[in-house]
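Below: one structure, written as structure tokens.
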There are 2 protein chains.
Amino acid sequence: MIRGPQAAPSEGEAGDGRADAALVAKICWYYFREGQTQDAIAQRLKMTRKRVNRILGEARESGFVQITIADPAGHRTEIEEELIRKFDLRHAIVVPVPLGGTDVRSFIGAAAARYVAECLPPSGSLGITWGGTINAAAQSLPQRSGDGTRVVLMSGGLAESAPINPYDNATMIARALGARCYYLTAPMFAETAELRDILVASEPVRSVLAMVPSLDVALLSAIDLSEQSKALEYEVISRETWASLLEAGAVGDICGHYLDSAGKPLHHPLVQRTIHPPIDHVLQIRHRILAAGGEHKVPIIRAGLLAGFCQVLVTDEAAGSKLLD
Amino acid sequence: MIRGPQAAPSEGEAGDGRADAALVAKICWYYFREGQTQDAIAQRLKMTRKRVNRILGEARESGFVQITIADPAGHRTEIEEELIRKFDLRHAIVVPVPLGGTDVRSFIGAAAARYVAECLPPSGSLGITWGGTINAAAQSLPQRSGDGTRVVLMSGGLAESAPINPYDNATMIARALGARCYYLTAPMFAETAELRDILVASEPVRSVLAMVPSLDVALLSAIDLSEQSKALEYEVISRETWASLLEAGAVGDICGHYLDSAGKPLHHPLVQRTIHPPIDHVLQIRHRILAAGGEHKVPIIRAGLLAGFCQVLVTDEAAGSKLLD
DNA sequence: CCTGCATCGTCACAAATGTGTAATGGGCTC
DNA sequence: GAGCCCATTACACATTTGTGACGATGCAGG
């Protein structure tokens, strides 16, 4: 059984030295490329079939072998066509809803990763935000050598390490791309609006934020404000804040900008405390990709689309068809 | 069982309309990404397990799903290191030799395809030559949208359709890249040197050849002159020509340029009849990749390296280690 | 309408795969 | 050197997968 790609990246595995990478590669070649049986490979390499089996399993989970499904380029799904037309997008990618218990975000993340890998030029720069979808993307981003590639995390950090942490996200993506990583060394939300302004004006936060408008690609995620919102679950925002955001008409946020259902940015007190690039800076990024799915994210995705946050949408069938209603 | 990628591309299959591409994609997602069992997928999609099974098989063979093995970038094999040092290469890729009866060329082709896909810029131009290795590459080249990508076939054609035909090669590669393809509308060898000169000077041959120096990437293959040479087997050259080439000291050719074992181009009569770009034009191509392997190709590969034909070598372990002797 | 051809579903089975459990053995600490 | 921990092996077994045989269904042409 191939477990989904969101297997916890626990346990210290730095250089992945457990099994000689060359050996793993060889086994993978024989198995996937040549179609040899695990048994045959084991005999040939003088090891147990079980060992081969385990190595193959690990190779898949760790992303050592990537299985990519042809992008039916030019042969778009109806739903993709519709989305492109309705929201005037450059491109839309709609992935199927998982059958089993798998998290949709890992599907969407994988597709987004693929797209990013394709459109991020060598030595390009990529801005990312925070979220489970981005995390999933990080895990299935194809390795690349990326000379001079830069990754910029466009949100502050969380002091208390949530299961999904902005800094982790950024680190993983940067590692996969072989990129240099720039973090916002500030909390996601400052304690007061004044402090926020001071932080944003101070180095090194200022210079990292200053990179945003000239980024090549932005990989954005959308945070919803439904009951199932991860922001709530991980206590990124308190229940009171949540309630007050809802009351103000917010449906979620993209890159820290809370939007109402029409895509208009709100002037909620929280926004004054958020460390993030201004909207118009984000909108100056040449290539903007929004990766988000799941039915509860439909309102914020729609808001983001209306606000012009993205030219490329990566989502799932469920959200995609709801967006068309 | 996953059969090797060189399954004959026989039978007319143009648009591949047998099974809805979207359906195939979905099944592949469920199976490869989510790890669902074929049975579960069949039930969910209300079809037989056998059907799912068959679709998956076809998807693999047709290259609809690609299985890529992580390039241990920066973590090179010793043999790769040595090759790079000894021949002053920019990069070397050494694939394992197949266990079973699989043709080495499909391995090498796959690796080369992957490399090309990586280094060919969007809207870039790619020059290719003729040969089984290139053919294998075509078959495992990841699909891409390639706006404005161009593929130039740098050799003439064969009138009598050999199992591996230059035009087929070019077409397949162009199709995979979504590229516009430029052919040399001339035979591989003209009947006389005079006719060759006339052809080369005439349109449209001239303008296609004129594209060569400014190509972004060249994917070159090496044709050997051993007894096992495919050129001989497919009767691309006659046995007499073959003998006379050997006598002149040739060890094979790259892009129609016959070289001796030191890499010096020969002035054999055949060369005067060959429709191909001059050596210095080929050497002006910025990014030159030589994809060839198998022990019998070692002499011509070495010659090609000495002649400076490539900065990147894709070969197999057997040839690689022989090259280091 | 019937015939021939081809594709698909059903069944069945052998091979391959994933996953336990217990035994083995190598390397480490003490 | 004894004892222990860990990883690997050997063995066994349930699932999953690939494939062949055979009948049913559907379609084109006479």
Side-chain angles (χ1 to χ4, degrees), chain A residues 1-8 10-24 26-65 67 69 98-102, chain B residues 1-8 10-24 26-65 67 69 98-102:
Chain A
M1 232 259 250
I2 306 168
R3 246 174 295 150
Q6 76 265 27
S10 46
E11 291 165 44
E13 28 70 76
D16 225 14
R18 50 180 142 234
D20 188 9
L23 177 68
V24 180
K26 187 170 289 198
I27 292 178
C28 289
W29 272 91
Y30 289 150
Y31 186 75
F32 290 111
R33 277 285 202 296
E34 204 176 352
Q36 294 285 325
T37 167
Q38 297 183 355
D39 215 1
I41 298 171
Q43 285 183 317
R44 191 50 137 55
L45 266 46
K46 305 214 193 310
M47 49 173 74
T48 27
R49 186 176 68 80
K50 173 138 191 159
R51 199 156 135 67
V52 172
N53 184 300
R54 198 163 45 73
I55 290 177
L56 283 169
E58 281 172 14
R60 273 193 287 226
E61 281 197 28
S62 70
F64 192 92
V65 294
I67 302 181
I69 294 154
L99 271 187
T102 321
Chain B
M1 230 260 250
I2 307 168
R3 246 174 295 150
Q6 77 265 25
S10 46
E11 291 164 45
E13 28 70 74
D16 225 16
R18 51 182 141 233
D20 187 9
L23 177 67
V24 180
K26 186 171 290 199
I27 291 178
C28 289
W29 272 92
Y30 289 151
Y31 186 74
F32 291 112
R33 277 285 204 295
E34 204 176 353
Q36 294 284 325
T37 166
Q38 298 184 355
D39 215 1
I41 298 171
Q43 284 184 317
R44 190 49 137 56
L45 265 48
K46 306 216 192 310
M47 48 172 73
T48 32
R49 187 177 69 81
K50 170 131 197 168
R51 201 155 135 65
V52 172
N53 185 299
R54 199 164 43 73
I55 290 178
L56 283 169
E58 279 172 16
R60 275 193 287 227
E61 281 198 27
S62 70
F64 192 92
V65 293
I67 301 180
I69 293 155
L99 273 186
T102 322

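No experiment lies behind these values; they were computed from the predicted model shown. Order of the sequence lines sets the chain letters (A, B, ...), proteins ahead of strands, with each chain counted from 1.
The line from CD of A/Glu34 to CD1 of A/Ile41 is 8.0 Å long, rounded to the nearest 0.5 Å. Rounded to the nearest 0.5 angstrom, B/Arg51 CZ and B/Leu23 CG are separated by 6.5 Å. Atom-to-atom distance recorded for B/Gln43:CD and B/Arg49:CZ is 11.0 Å, nearest 0.5 angstrom. Separating the CZ atom in B/Arg44 from the OG1 atom in B/Thr37 is a distance of 14.0 Å, to the nearest 0.5 Å. Interatomic distance, CG of A/Asn53 versus CE of A/Met47, reported as 12.5 Å (0.5 Å rounding). Separation of atoms CD1 (A/Ile27) and CD (A/Glu58) is listed at 10.0 Å; rounding is to 0.5 Å.
With contacts defined as side-chain heavy-atom distances shorter than 4.5 Å, the pair B/Tyr31/B/Gln38 qualifies. Considering only heavy atoms from C-beta on, A/Gln36 stays 4.5 Å or farther from A/Val52 through its side chain.
The overall bend of the helix from C/dC1-D/dG30 to C/dC30-D/dG1, read as the angle between its terminal helix axes built from five base pairs each, is 30° when rounded to 10 degrees.
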Could you pull out the protein-nucleic contacts involving nucleotides 21-27 of chain D (nitrogen or oxygen on both sides, under 3.5 Å)?
none

What are the atom names and distances for every N/O pair under 3.5 Å that joins the protein to nucleotides 13-17 of chain C?
from	atom 1	to	atom 2	distance (Å)
C/dT17	OP1	A/Tyr31	OH	2.9
C/dT17	OP2	A/Thr37	OG1	2.8
C/dT17	OP2	A/Gln38	N	2.9

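Put simply, CZ on B/Arg51 is 13 Å from P on C/dT7, counting in whole angstrom units. In this structure, CD of B/Glu58 is placed 13 Å from P of D/dG18, rounded to the nearest angstrom. Between the CD1 atom of A/Ile55 and the P atom of D/dA7 there is a distance of 14 Å, given to the nearest Å.
Under a 3.5 Å cut-off, the side chain of B/Arg33 and the backbone N or O of A/Pro98 do not form any donor-acceptor pair.
For the pair B/Trp29 and A/Ile69, the tightest heavy-atom approach, listed with the atom from each and the gap, is N-CD1, 3.5 Å.
Residue A/Arg54 has no polar side-chain atom (N or O) positioned under 4.0 Å from OP1 or OP2 of C/dT19.
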